[in-house]
Amino acid sequence: MRQYDHKKIEKKWQKIWEDKGIYKTQETDSPKCYVLDMFPYPSGEGLHVGHPKGYIATDIYSRFKKMNGYNILHPMGWDAFGLPAENFAIKNKIHPEVSVSKNIKRFKEQLSILGFSYDWNREINTTDPKYYKWTQWIFLQMFKKGLAYQSYEPINWCPNCKTGLANEDLDGAKCERCDTVVEKKPLRQWVLKITEYADRMLEDLDELNWPESIKESQRNWIGRSEGSEIDFEIEGIDKKIKVFTTRADTLFGATYCVLAPEHKLLDELKDNIKNWEEVEGYKKEVEQKTEIERTKEEREKTGVKLEGIFAVNPANKEKIPVFVADYVLGHYGTGAVMAVPAHDQRDFEFAKKFGLPIIEVIKGGDISKEAFVGDGILVNSGEFNGMDNKKAKKAITEYVGGKITVKYKLQDWVFSRQRYWGEPIPIVHCSDCGAVAVPEEDLPVELPKVQSYEPTGTGESPLAGIKDWVNTKCPKCGKDAKRETNTMPQWAGSCWYYLRYEDPKNDNALVDKQKEKYWSPVDVYVGGAEHATRHLIYARFWHKFLYDIGVVSYKEPFLRLQHVGLINAEDGRKMSKRWGNVINPDDIVKTYGADTLRVYEMFMGPFDQGVSWSTKSIIGARRFLEKVWKLSFKVKKDNKKNESLQALLHKTIKKVSEDIESFDFNTAISQLMILANQMEKEEFVGKDDFKTFILLLSPFAPHIADELWEMQGLSGLVYEQKWPEYDQSLIKEQSINFVIQVNGKVRDVIKTNPDISEREALELAQKSEKVKKWIEKKGIKKIIFVKGRLINIIV
RNA sequence: GCCGGGGUGGCGGAAUUGGCAGACGCGGCGGCCUUAGAAGCCGUUAUGGGCAACCAUGUGGAGGUUCAAGUCCUCUCCCCGGCACCA
């Protein structure tokens with residue numbers, strides 16, 4: 001008997017697959033299936049065993065779908081812009097392009113030994129000018145539609161990276177990349193109007209086959225709330241405070257107003273505020289704090305009263321004081337609130353601290369202890385007394401001439417970075433024409449070669465120092481002008497890459513319309529949960545924009561989303577060089593084989609759940625494959641069938657098919673093991689049955705599958721075979737274990753046919769010695785009979 | 001604090017959605033084979049009691065619904081992920 005030599009077998013088949021080009025995507029009319037991995041950032045560290053988990057799953061799924069007659073698009077590429085490559089370049093004085101292509105080569109090698117069915121003809125790389133030409137093109141379309149604008153608002157500034165960071169790039173109060181505490185600094189930025197799409201992104205979530213948790217966090221992230229905008233006159237001054245509130249029903253209980261420290265009105269009221277110095281000091285103090293610090297101070301509210309300023313409550317014309325306090329945020333709502341201490345906990349705490357009146361206007365709570373935020377009937381509200389508070393929201397808003405509006409937590413997306421290694425923003429600044437789009441025929445605006453990648457530290461990109469690149473002519477008037485030196489964030493390239501796979505080499509369009517119509521949308525998208533609210537929101541936003549301008553024909557990019565649970569190191573920590581706990585897939589493949597690694601990673605536990613790596617457990621997967629290997633030597637050469645195996649075989653076809661479809665790979669493998677164990681016990685294995693077994697195993701362990709296929713004298717490649725079908729009539733067991741309970745406790749289990757009737761079951765039960773002793777001398781009170789399962793005798 | 005997902009043997013995890021709890025695998029124990037080991041094979045492995053057949057207990061905890069609860073309901077404790085003064 002030949003030994004199972006994974007090294008030989010895996011090399012052999014990988015070469016055959018490549019030579020025959022069987023994974024090349026076909027242009028056919030058959031139904032399509034687009035299976036996509038979140039493409040990796042090719043870091044210098046290479047892959048650890050956790051990385052391929054998702055890729056193994058998509059590979060299994062693709063192979064399964066292909067064998068079920070689908071035309072498959074299963075591509076891979078590289079998200080290669082970003083800070084690590086740039087930092088590496090700064091340190092080692094090597095152009096990022098060089099290290100990136102080296103890393104890609106390494107990643108590709110590591111992936112290739114795992115036997116994936118990627119169509120490498122469609123490989124893309126976000127840093128390839130032919131690719132980012134279209135990233136820039138999309139930006140230009142947004143610019144033309146007024147969705148990209150410049151803004152000088154203060155942004156998060158990392159003094160170490162010397163770059164601006166979006167809120168999303170922060171980790172607590174620190175820079176996500178380098179752990180330095182960030183500051184605030186006003187910088188000119190490009191911003192994308194993602195807020196314009198907030199409502200649509202929220203609505204269309206309902207149609208997606210995504211995990212509920214992701215949909216929920218996107219809803220939170222978008223943070224839609226309906227409320228009212230109401231004006232408060234300032235006494236004696238011709239100015240108004242516009243507040244946003246979701247509780248217009250409590251307007252009669254508003255006993256003061258609060259402005260955010262960033263609120264513009266403060267400066268406008270400078271001359272009227274008697275304690276301006278104090279107010280200004282407070283503003284400065286708040287500026288020092290990051291938003292994170294500010295929002296962390298849950299206990300103690302701070303603020304300063306604006307002396308000499310009074311607002312007028314439009315409901316009851318009461319004169320109320322105005323404060324500046326940092327618990328009100330400048331960028332949310334109108335940056336100003338009406339405070340109702342009786343019915344908002346934050347206002348309640350503030351009012352207690354500053355000794356402000358607390359007036360109950362909704363009945364139902366005990367406002368001496370805490371704010372009552374529930375629903376109820378209005379009191380102390382003039383003509384609205386007795387009204388239901390939900391009704392009162394609209395009624396009171398109208399009464400004071402306010403308007404019903406909608407606000408979002410979602411903020412516009414700061415889209416520029418003061419960095420070298422990113423897509424240049426295709427804009428030219430002209431002193432006469434302002435910001436002018438680079439003509440589309442001049443795209444891509446390529447990154448120039450530079451001497452130093454160091455950030456300038458002034459907030460400008462290293463590109464600013466390259467005079468012959470920066471200096472150009474205005475595309476509009478031809479006058480001397482300067483190029484935009486900001487680059488795009490890493491998210492940019494990943495916002496639309498899935499479209500490029502559909503038509504990766506097209507120089508005339510982002511994607512051909514026919515091809516887009518055929519392949520879109522992505523049927524299954526697999527990746528880590530950490531991208532729930534960033535990548536997935538940005539990509540949806542871009543996609544909807546592309547839909548609006550007619551580039552794509554579907555509203556949503558990703559129909560179904562599957563999470564991959566991370567694999568941690570054996571010690572439970574993240575696998576990282578830093579902890580020295582990294583397991584390299586190359587080593588595992590060398591010792592056990594790619595097929596073993598694939599089977600093991602899918603068998604470890606539920607696919608979307610995190611697990612710790614266990615090198616000692618991997619032996620189980622290897623033993624399983626060895627067992628299958630040995631089984632092949634007891635296969636009958638003629639077509640004799642082993643009848644006693646049929647029920648289990650067909651049950652296995654059913655279970656494995658269903659489990660792959662639902663990404664329950666662990667139970668699919670377990671079922672294959674059960675079948676293999678049974679086959680081992682049998683006298684012999686029929687050739688057809690073993691053939692079926694190979695087919696079922698092949699998505700998980702494609703190399704050994706092809707080898708066994710060949711050993712059985714079967715022709716062709718397993719990938720090109722048809723997926724087996726099950727026969728429902730065969731699945732039905734001839735005999736089942738029928739449970740007999742007395743008073744709900746199992747007293748006997750008998751083998752019988754599944755169609756046994758209640759009367760027959762009762763007779764059998766009464767015959768059983770084990771049951772007899774529990775029911776004799778007691779009257780039977782009740783019988784519960786569940787067909788094909790159990791009988792429960794109550795005595 | 002809010003939202004989402006969890007808590008089952010020594011370990012990873014199963015459980016046809018209310019019907020034999022612990023499938024499958026790892027590890028352990030005993031045995032076969034071997035000069036010996038490795039590999040492999042066979043048996044065993046939730047806990048307590050018993051020589052045994054068997055009996056009792058058992059899915060984080062406390063109640064409840066039901067003939068029947070890991071699964072449904074109420075309360076509660078713990079773990080993981082996300083969001084967080086959002087007016």
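Order of the sequence lines sets the chain letters (A, B, ...), proteins ahead of strands, with each chain counted from 1. Every value quoted in this text rests on a predicted model; they were computed, and no experiment measured them.
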Using atom [atom1] in both nucleotides, what's the gap between [N] and [M] to the nearest angstrom?
N     : M     : atom1 : value
B:G37 : B:C32 : C1'   : 16 Å
B:G1  : B:C75 : P     : 16 Å
B:G13 : B:G30 : P     : 28 Å
B:A56 : B:A38 : C1'   : 44 Å
B:G49 : B:A39 : C1'   : 40 Å

For [X], which contact category applies under a 4.0 Å heavy-atom criterion: base, sugar-phosphate, or nothing?
X        : value
A:Pro606 : sugar-phosphate
A:Thr245 : sugar-phosphate
A:Arg224 : nothing
A:Ile619 : sugar-phosphate
A:Asn677 : sugar-phosphate

Taking pairing as Watson-Crick or G-U wobble with both contacts under 3.5 Å, can you name the mate of [N], or confirm there isn't one?
N     : value
B:C72 : B:G64
B:U47 : B:A56
B:C86 : none

[X] [atom1] - [N] [atom2] separation (whole Å):
X        : N     : atom1 : atom2 : answer
A:Phe607 : B:A14 : CZ    : C1'   : 19 Å
A:Glu601 : B:C26 : CD    : P     : 17 Å
A:His331 : B:C86 : NE2   : P     : 12 Å
A:Arg346 : B:C2  : CZ    : C1'   : 13 Å
A:Leu672 : B:G25 : CG    : P     : 12 Å

Apply side-chain contact (heavy atoms from CB on, under 4.5 Å) to residues A:Ser225 and A:Tyr332 and explain how you reach the verdict. CA-CA 11 Å; A:Ser225 62; A:Tyr332 185 74; 2.9 Å; yes
Partner of A:Phe624 under side chain to side chain contact (heavy atoms under 4.5 Å, CB included), picked from A:Thr596, A:Val599, A:Asp595, is A:Val599
Of the candidates B:C86, B:C26, B:G13, the side chain of A:Gln609 sits closest to B:G13
Closest to the side chain of A:Lys745, out of B:U57, B:G27, B:G82, is B:U57
The correct set of residues in residues 621-630 of chain A placing a heavy atom under 4.0 Å from RNA chain B is A:Arg623, A:Lys630
Between A:Glu212 and A:Gly223, the residue closer to the 5' end of RNA chain B by nearest nucleotide is A:Glu212
Closest to the 5' end of RNA chain B, once A:Met673 and A:Thr246 are matched to their nearest nucleotides, is A:Met673
Please determine if a side-chain N or O atom of [X] lies less than 4.0 Å away from the OP1 or OP2 oxygen of [N].
X        : N     : answer
A:Trp774 : B:C55 : yes
A:Gln671 : B:C24 : no
A:Lys616 : B:C26 : no
A:Ser213 : B:C3  : no

Contact string for nucleotides 16-23 of chain B, one letter per nucleotide 5' to 3', B = base within protein heavy-atom range under 4.0 Å, S = sugar-phosphate only, - = neither, reads B--BB--B
Pair A:Glu601-A:Lys53, salt bridge (charged side-chain N to carboxylate O under 4.0 Å, His left out): steps then yes or no:
CA-CA 6 Å; A:Glu601 292 209 359; A:Lys53 187 178 171 192; over 6 Å; no
With sequence neighbours left out, the residues meeting salt bridge (Lys or Arg N to Asp or Glu O under 4.0 Å) with A:Arg789 are none
Problem - Residues A:Lys574 and A:Asn568: side-chain donor-acceptor under 3.5 angstrom - result: no
Checklist entry - Are A:Lys627 and A:Asn677 linked by a side-chain donor-acceptor pair shorter than 3.5 Å? => result yes
Under 3.5 Å donor-acceptor pair, A:Lys409 side-chain atoms to B:C83 base atoms:
no
